[in-house]
Each structure stands twice: as structure tokens, then as C-alpha cells.
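Report on one structure; see the data block that follows.
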Amino acid sequence: MTGYVKNGFFDSGLELLEGMDEGMKLVAYNALISGYVHRGLHREALEMVRRMVSNGIELDAFTYPSVIRACATSGLLQFGKQVHAYALRRQDFSFHLDNSLVSLYYKCNKFVEARAIFDKMRAKDLVSWNALLSGYVSSGHIGEAKLLFKEMEEKNILTWMIMISGLADNGFGEEGLRLFSCMRKEGFEPCDYAFSGAIKSCAVLGAYCNGQQFHAQLVKIGFDSSLSAANALITKYAKCGVVEEARRVFITMPCQDSVSWNALIAALGQHGHGAEAVGVYEEMLKEGIKPDRITFLTVLTACSHAGLVDQGREYFDSMETVYCIPPGADHYSRLIDLLCRSGRFTEAESVIKSLPFEPTSQIWEALLSGCRVYGNMELGIIAAEKLFELIPEHDGTYMLLSNMYAATGKWEEAARVRKLMRDRGVKKELACSWIEVETQVHKFLVDDTSHPEAEAVYKYLQELGKEMRRFGYVPDTNFVLHDVESDGHKQDMLITHSEKIAVAFGLMKLPPGRAIRVFKNLRTCGDCHNFFIYLSRVVQREIVLRDRKRFHHFRNGECSCGNFW
DNA sequence: ATAGGGTTAG
């Protein structure tokens with residue numbers, strides 16, 4: 001039985017089961033169930049559990065971990081709880097079961113329950129610690145994860161992988177890369193799965209050259225066709241601003257899964273190639289691959305970035321009617337974004353009114369940023385008020401609202417919002433931009449003089465500013481949010497925005513003709529955006545800027561976003 | 001004989 005199911009011959013396994021003595025069936029069922037779970041066939045695994053029970057065979061200590069794992073990966077908390085209760089009633093204890101339960105409860109966001117099970121375990125092994133580490137990481141408790149990782153004396157390759165991938169997920173790309181090389185130094189040979197953590201770190205950082213080295217190593221070992229590695233590569237190239245490479249990886253894969261398709265659609269969407277993204281989606285359908293909820297998120301985002309409103313609306317409607325996927329709050333917020341971006345506020349409002357649940361903060365956020373583009377104060381204020389109730393600690397709301405007031409010349413109002421922000425002790429997330437030169441990542445903050453070549457960069461930037469003004473660029477001081485009196489000083493503050501510094505540094509360091517790829521942790525400011533439009537024409541270089549939301553490709557005086565972001 | 005901790009898409 002194990003021979004059959006480990007190689008995917010489930011039909012032969014089922015046949016074998018038919019002719020088997022009753023006394024042997026429990027073990028056979030267990031082997032089958034575990035086989036299904038390892039192939040990701042969770043529905044089949046749970047179906048087999050039902051069949052087993054209805055044939056009068058009770059689950060045993062070998063069945064539970066497989067079943068719990070199936071529940072954990074498909075988010076079936078209720079079913080998992082029932083199995084847990086069943087095991088408790090029968091007084092079946094094993095630490096295989098406990099380990100899988102820790103993972104189940106963490107994956108379903110039941111932190112207290114997960115921790116309670118972990119604490120009650122009287123014998124813990126490496127798997128238990130890995131389960132806890134993974135729980136910390138996936139719930140965003142990265143500080144605890146780092147401590148635990150340091151304290152763990154015994155580690156295996158999974159320990160490293162959980163930590164590296166977790167660092168990348170929480171935005172610690174540099175630490176992820178450092179840890180990956182530590183891991184190799186300690187003698188762990190990375191498998192294809194392990195490489196994906198390092199590649200994801202490069203994606204987070206936008207470290208194109210670093211990532212290419214991993215790609216080369218994968219080819220050398222023969223892992224480049226592995227799904228997990230190749231899928232990570234698609235995202236890495238896209239997040240580094242090189243969509244063509246992302247597409248090339250996709251095309252050269254021997255076979256793609258739904259993750260690969262989703263990654264490619266997302267890649268095209270982020271770069272504003274909405275029509276192509278939609279084309280790839282249609283192709284995916286033709287290939288008979290079922291779209292999932294993430295496919296729809298990526299397709300809707302792509303439509304939004306490219307202004308394909310009616311098409312996006314159609315896709316949204318097809319989710320439920322054709323594919324039986326009920327849209328979640330995340331899908332609705334994409335829809336609102338889509339409608340607002342083309343000024344269809346009445347439609348957006350009626351969608352919000354007819355929501356099957358209470359509007360979440362992400363829905364109000366989509367409405368608010370749509371209002372910013374069109375200067376729709378009335379609706380914007382309503383959205384902002386809701387956000388102040390729901391997430392008063394979120395700095396973005398204050399910034400957006402204050403920006404909107406400033407853009408319409410309502411300075412007292414803008415100041416009032418900033419005062420409110422101060423009074424409530426809300427801190428603005430520090431803006432930061434970075435650029436990769438050779439394989440080194442250089443990071444800059446606003447007014448940052450800590451970089452060894454800061455003086456030269458600032459001087460160069462001042463010159464660029466003067467030159468751009470000769471070509472018609474006018475600094476837009478509406479984007480200065482500090483309380484600065486004189487206009488001259490305001491202009492000084494604009495020139496030191498981190499994305500401008502990083503771009504200037506790139507111009508100084510990178511060979512002529514090479515594209516400048518800069519990354520920013522927040523959304524880009526309107527003045528910088530305008531500045532780069534002029535710059536791209538004057539210096540005849542492609543400037544690629546990745547901000548928190550999307551990519552901007554500045555080429556010859558135009559931006560791919562069409563001034564909507 | 002059969003079991004637990006992991007990967008890639010937003």
C-alpha cells in the first residue's frame with residue numbers, strides 16, 4: 001500500500017484495500033490517508049476517513065496526525081477540532097498528534113489554543129519546536145521567532161527554512177540572506193524548497209544580482225525546474241522590476257501549477273500590463289486550470305492598475321456565479337479600488353451599502369485612496385472617519401487625509417489632521433528607499449547623511465534639480481507635510497526625499513544605459529513622481545520605481561502608471 | 001507495516 005500511494009497509484013491502492021482482511025484494514029487506511037495528504041489531496045483524505053468510520057473502523061494514533069495536517073493546510077478548523085475532541089475522548093495521546101495540533105491551531109489563528117497545547121506537552125522534540133517557530137513566524141510574531149531560533153540548540157534544515165522564509169515574509173530580506181549563507185556554512189545543503197526562501201528574500205529586497213546568483217546555482221544543481229524554486233523566481237524577477245525575465249521563467253518551466261499562473265498574472269498586473277495579465281488569465285482558463293481566490297485578487301488588481309473597469313467588474317461577478325468562490329473583503333476592496341479609480345463613486349458606494357458583511361478597514365482604505373486621486377473630499381472624509389474608528393493607530397489614514405486637504409489648499413484642515421495624529425501618538429512610518437549596485441544594497445532615508453558618499457550624492461541631486469527646473473519641472477510643495485514656513489525651505493525638503501537620493505545614487509554608480517531600479521517602503525510622493533518624469537527624458541534612462549503598491553516605469557518623459565497610483 | 005514540523009501566488 002505504501003509503495004502504491006507514495007508513487008501516486010491511488011487506484012491500485014484502493015483495489016488492494018478491497019481484497020484485504022478486515023484486521024489489516026486499519027493500517028491500510030492509514031497509509032492511504034497519509035498518501036493523499038502528502039500529495040495535497042485533502043478532500044480525498046477526509047473522504048477516506050469518513051469511509052473508514054462508516055465501515056466500523058475507528059481512527060488510531062497513526063490516523064490523527066495525517067487528518068489534522070489535512071485540516072491545517074485546508075483551513076478546516078471545525079473538522080480538526082472534532083478530531084481533536086474524538087482523540088481526547090478516547091484518551092489517545094501522542095506527541096505526533098500534539099505537534100500537528102499546534103500547527104493546526106496556529107494556521108487557524110488560534111494562538112492561545114496552540115500555545116496551550118505546546119506548553120502542556122511533557123515530551124517535546126525538534127518537530128515540536130519547529131511547529132512553534134513556524135507558528136510565531138506565520139502569525140507575524142517575528143521578534144519571538146528570532147529569540148526562539150537563537151535559543152534552539154538542535155536545528156535541522158526545516159528550522160532554517162522556516163526562519164529564512166519567515167524573515168522574508170516580514171520584510172527582513174537582508175537577514176534572510178545572511179541566515180541562508182549561515183545555514184550553508186553549518187553544512188546544510190539547501191534543497192529546492194530551501195532555495196525559495198533565499199529567492200524570496202531577494203524579491204523583498206529587489207536584489208536582482210543576488211537573485212541571479214541563486215538562479216545560476218539552481219540551474220547547476222538541476223533544481224531550476226522545481227515548482228517551488230521556479231515559482232519563487234517568477235516573483236523575484238517581477239519584484240525586481242524585470243517582467244520579461246519573470247515571463248521567461250514561466251515559459252521555460254516543464255509544467256506550471258496554479259501558483260505559477262497566479263504569479264505571472266500578478267507580475268504583469270503590478271507593472272501595469274493589465275491587458276496582458278487578463279490575456280494570461282484567459283489562457284489559464286483555456287488550459288483547464290481552475291482559478292482560485294488568489295487568482296481573482298491578482299486579476300482584479302491588474303484590471304485596477306490598468307483601468308479595465310468593466311472587465312474587472314465582469315470577472316468579479318463571475319467569481320460566485322461561475323466558480324462558486326464567495327468574494328471576501330479583500331476582493332471587495334479591489335472592486336472598490338477599481339471603481340474609484342475611474343471616478344465611479346456612486347457605484348462604489350452602492351457596492352459598500354450592499355455588502356454581505358460589515359465593511360472592513362481595507363474597504364474604507366480603498367475608498368479613501370480613490371477619493372484622493374479625484375479630490376472627492378466629502379466621501380473621503382466619511383471613509384477616513386470610519387478608519388479612525390476601526391484602526392486609529394494606522395498612520396496612512398492621517399497622511400492621506402492631510403494630503404487631500406493640502407492638495408485642495410485647505411491648510412488649516414491639513415494641520416488639524418496632523419495635530420490629531422500627534423495627539424493620538426501615531427507615528428509616521430519612516431520613508432526609506434534603496435537600490436542595488438553590483439550585489440550591494442544601498443539604503444537611504446529622508447535627509448539621510450549616514451551613507452559614506454552622502455555628500456557627493458546630495459551635490460549631484462541639487463544639480464539635477466536645477467537642471468530639471470530648466471526643463472520645466474516645478475517643485476510641488478503640497479507634498480511637504482512638515483510645518484515649514486518658507487517656500488524655499490520646503491523645496492529643500494522635497495529634494496531630499498529618499499527616492500530621489502536613491503535614483504541620483506544609481507545615476508552616479510551604474511553604467512550608462514543601464515536601467516535605474518529603485519525601491520521604496522511607502523507609496524511614492526507626487527513631487528518625486530513628477531521629477532522622475534522629467535528626469536527620464538533628460539538623462540535618457542529608464543527609471544523603475546517599486547513603491548508599496550505597484551511599479552512605475554519612467555521612460556522618455558512618461559510613466560507606465562498613467563499618473564494613477 | 002501506517003504518523004507530526006516546510007515550499008511557491010496576494
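Letters A, B, ... are given to chains in the order of the sequence lines, protein chains preceding strands, and every chain is numbered from 1. All values below come from the heavy atoms of this structure, side chains included, with hydrogens, waters and symmetry mates left out.
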Base, sugar-phosphate, or nothing for A:L126, non-hydrogen atoms under 4.0 angstrom? base

Could you tell me how far apart A:L227 (CG) and B:dG6 (P) are, to the nearest whole angstrom? 19 Å

Name the closest nucleotide to the A:F62 side chain, picking from B:dA9, B:dT2, B:dG6. B:dT2

Quick check on B:dG5: is either OP1 or OP2 less than 4.0 Å from any side-chain nitrogen or oxygen of A:R69? yes

List the residues meeting salt bridge (charged side-chain N to carboxylate O under 4.0 Å, His left out) with A:E18, not counting sequence neighbours, and say none if there are none. A:R51

For a quick test of reading the model: is some side-chain N or O of A:Q270 closer than 4.0 Å to OP1 or OP2 of B:dG10? yes

Proximity to the side chain of A:K239 - top-ranked nucleotide from B:dG10, B:dA3, B:dT8: B:dG10

To the nearest angstrom, the CZ-C1' distance between A:F188 and B:dG6 comes to 14 Å

Does the ring of A:H96 lie flat against the base of B:dA3, closer than 5.5 Å centre to centre with planes under 30°? yes

Are any of A:H38's side-chain N or O atoms less than 4.0 Å away from OP1 or OP2 of B:dG4? yes

How would you label the contact of A:L158 with the nucleic acid (heavy atoms, under 4.0 Å): base, sugar-phosphate, or nothing? base

Output the rounded distance in Å from CD1 (A:I162) to C1' (B:dT7). 11 Å

Compare the minimum distances between each of B:dA9, B:dG5, B:dT8 and the side chain of A:A263, then state the nucleotide with the smallest one. B:dA9

Take the protein atom CE of A:M152 and the nucleotide atom P of B:dG5, then report the distance between them rounded to whole Å. 15 Å

Could you tell me the separation between the CD1 atom of A:I33 and the P atom of B:dT2, rounded to a whole number of Å? 15 Å

Verify whether the ring centers belonging to A:F296 and A:Y315 lie closer than 6.0 Å. no

Inter- and intrachain pairs under salt bridge (Lys or Arg N to Asp or Glu O under 4.0 Å), touching residues 296-312 of chain A, at least two apart: A:D310-A:R344

Give a yes/no answer on whether the side chain of A:S134 brings an N or O atom under 4.0 Å of OP1 or OP2 in B:dG5. no

The side chain of A:R334 lies closest to which of these nucleotides: B:dG10, B:dG5, B:dA9? B:dG10

Keeping to residues at least two apart or across chains, list the salt bridge (Lys or Arg N to Asp or Glu O under 4.0 Å) pairs with something in residues 196-216 of chain A. A:D169-A:K200

Of B:dT7, B:dT2, B:dG5, the nucleotide closest to the side chain of A:S103 is B:dG5

Check every atom of B:dG5, B:dA3, B:dG10 against the side chain of A:V127 and return the nucleotide holding the closest atom. B:dG5

Suppose the criterion is side-chain hydrogen bond (donor to acceptor under 3.5 Å, both in side chains): which pairs have a residue in residues 4-15 of chain A, not counting sequence neighbours? none

On the nucleotide B:dT7, are OP1 or OP2 found under 4.0 Å from the side-chain N or O atoms that A:S165 carries? yes

Dump the intermediate steps for side-chain hydrogen bond (donor to acceptor under 3.5 Å, both in side chains) on A:N99 and A:S128, then the final yes or no. CA-CA 5 Å; A:N99 288 339; A:S128 325; 2.8 Å; yes

Would you indicate which nucleotide in B:dA1, B:dG4, B:dA9 comes nearest to any side-chain atom of A:T235? B:dA9

For a quick check of understanding: with a heavy-atom distance under 4.0 Å over all strands, which category does A:N156 fall into, base, sugar-phosphate or nothing? base

Assign A:D192 to base, sugar-phosphate, or nothing according to its heavy-atom contacts below 4.0 angstrom with the strands shown. nothing

Measure from the side-chain heavy atoms of A:A266 and tell me the nearest of B:dG6, B:dT8, B:dA9. B:dA9

DNA chain B contacts among residues 15-24 of chain A, heavy-atom distance under 4.0 Å: A:M24

How many Å lie between CZ on A:F223 and C1' on B:dG6, as a whole number? 15 Å

State yes or no: are the ring centers of A:W129 and A:F118 separated by less than 6.0 Å? yes

What's the closest nucleotide to the side chain of A:S196 if the choices are B:dT7, B:dG4, B:dA3? B:dT7

May A:Y193 be described as stacking on the base of B:dT7, applying a 5.5 Å centroid limit and a 30° limit on plane angle? no

Mind checking if A:K107 touches a base, just sugar-phosphate, or nothing, with heavy atoms under 4.0 Å? sugar-phosphate

Can we say A:K146 and A:E175 salt-bridge, meaning some charged N sits less than 4.0 Å from an Asp/Glu carboxylate O? yes

Kindly write out the residues that satisfy ring-ring contact (aromatic ring centres under 6.0 Å, His included) with A:F93, not counting sequence neighbours, or none if the list is empty. none

Taking A:N170 for the side chain and A:F172 for the main chain, is one N or O donor matched with an acceptor at less than 3.5 Å? no

When we call it a touch if two heavy atoms are under 4.0 Å apart, what does A:Y64 touch: a base, just sugar-phosphate, or nothing? nothing

Nucleotide B:dA9, atom P - distance to CZ of A:R293 in whole Å: 16 Å

Measure from OH on A:Y332 to C1' on B:dG10 and round the result to the nearest Å. 19 Å

Quick one: does A:D125 reach the base of B:dG4 with a side-chain donor-acceptor pair under 3.5 Å? yes

Out of B:dA9, B:dG6, B:dA3, minimum distance to the side chain of A:K200 belongs to B:dA9

Base, sugar-phosphate, or nothing for A:A61, non-hydrogen atoms under 4.0 angstrom? base

